[in-house]
Amino acid sequence: SEAAQSRLTRMGVRALTTEEALGLLDDALGAGRAVLVPARFDRGALARRPGDLPEVLADLAPARPAVRALPLSRRLDGLAEDAARALVRDVVAGRVAEVLGLAGGARVPDDRGLFDLGLDSLTAIELRNRLGEEIGDRLPATVLFDHPTVRELTAHLLERLRPEREVFDPAALDGWVSAAADLVADDGRRAGLVRALRGALAALGATRGAYGGTGGNGANGGNGHDPVGSLDGSLDGVEAASDDELFGLLDRELSE
């Protein structure tokens, strides 16, 4: 098939005519040597193959430059979610088109099964290896069976490259507050944490009642306890709270 011929061409194996192939086969059979491969290799294509060449072919290819393409993870740096997904999708679809020998510019459908498009066991291995080269990591053998469409494969690679991080770690915050509460008032570390906490609380409370409560109004928060109320209500009093009140509130909320 055209896809198989394209794959062999990318691997650096060039076609032989029937006469050439039969002649080389006769030579191999008459040579008396145990291991011979009648084949014509494209040394330039061997040099362009991704990954390391098999040792038996290493001497056939010219020395390859040490420069490597920028890993996909680095190319995603600074991109918004939609732009990152579009980039990974283009890389996946491009590699699928290559291994299937599709015409340049052909659009690979997002939701059609890759094996329905013509992927077989050999092209699946090649695709897996090419995508592994792109992300700088070895992909599992079952990756194309577990994620058999361009859309699913894109989502999987994006998750590997940009895993979701936990937004909030209460245990870590508890430790910071406890440590900072023991510092003297004029310690720069305490003041720095206070500034950071005030900014975070102000951002979280930018929308009144964001935490489901209405809170109070005025300097005392309308609750008779402290000017910041609680994290379950309005955060209007954050700016009016003293450092000790702020640490007390956080300590109380984290202990509940």
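Fair warning: this is a prediction, and the values are worked out from it, not measured in the lab.
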Indicate, with yes or no, if [Y] and [X] share a hydrophobic cluster defined by side-chain heavy-atom contacts under 4.5 Å among Ile, Leu, Val, Met, Phe, Trp and Tyr.
| X | Y | result |
| --- | --- | --- |
| L79 | I135 | yes |
| V13 | L60 | yes |
| L16 | F41 | no |

Got a second to check how far [X]'s [atom1] is from [Y]'s [atom2], nearest 0.5 Å?
| X | Y | atom1 | atom2 | answer |
| --- | --- | --- | --- | --- |
| L29 | L25 | CG | CG | 4.5 Å |
| D42 | L8 | CG | CG | 12.0 Å |
| E152 | T154 | CD | OG1 | 10.0 Å |
| M11 | L46 | CE | CG | 9.0 Å |
| L24 | L36 | CG | CG | 10.0 Å |
| R85 | L76 | CZ | CG | 11.0 Å |

So V143 and L131, side-chain contact (heavy atoms from CB on, under 4.5 Å) or not? Walk me through it. CA-CA 10 Å; V143 66; L131 292 175; over 6 Å; no
Determine whether L72 and R75 make a side-chain contact, defined as any pair of heavy atoms from C-beta on separated by less than 4.5 Å.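 Sidechains of R75 and L72: in contact.
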Using salt bridge (charged side-chain N to carboxylate O under 4.0 Å, His left out) as the criterion, list what pairs up with R151, not counting sequence neighbours.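 Applying salt bridge (charged side-chain N to carboxylate O under 4.0 Å, His left out) to R151 gives D110, D111.
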If you take all heavy atoms of [X] and [Y], which pair is closest and at what distance?
| X | Y | result |
| --- | --- | --- |
| L119 | L100 | N-CD2, 3.5 Å |
| P109 | V150 | O-CG2, 3.8 Å |
| P140 | R128 | O-CD, 3.4 Å |
| P38 | A28 | CG-CB, 4.4 Å |
| A80 | R162 | O-NH1, 3.9 Å |

Are L144 and L139 close enough, and set up right, to give a side-chain contact (heavy atoms from CB on, under 4.5 Å), and what steps lead you there? CA-CA 9 Å; L144 300 179; L139 292 170; over 6 Å; no
Flag yes if more than 12 heavy atoms outside R40 fall under 6.0 Å of its CZ atom; otherwise flag no.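 Atom CZ in R40 is packed in, count exceeds 12.
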Using a strict threshold of under 4.0 Å (side-chain N to carboxylate O), is an ion pair present between E134 and R130?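 Salt bridge absent between R130 and E134.
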Using the side-chain contact (heavy atoms from CB on, under 4.5 Å) rule, take V91 and L157 through it: C-alpha gap first, then chi angles, then the decisive distance, then the call. CA-CA 10 Å; V91 169; L157 295 183; over 6 Å; no
Suppose the criterion is ring pair (Phe, Tyr, Trp, His ring centres under 6.0 Å): which pairs have a residue in residues 124-153, not counting sequence neighbours?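 Passing the test, one end in residues 124-153: F115-F145, H147-H156.
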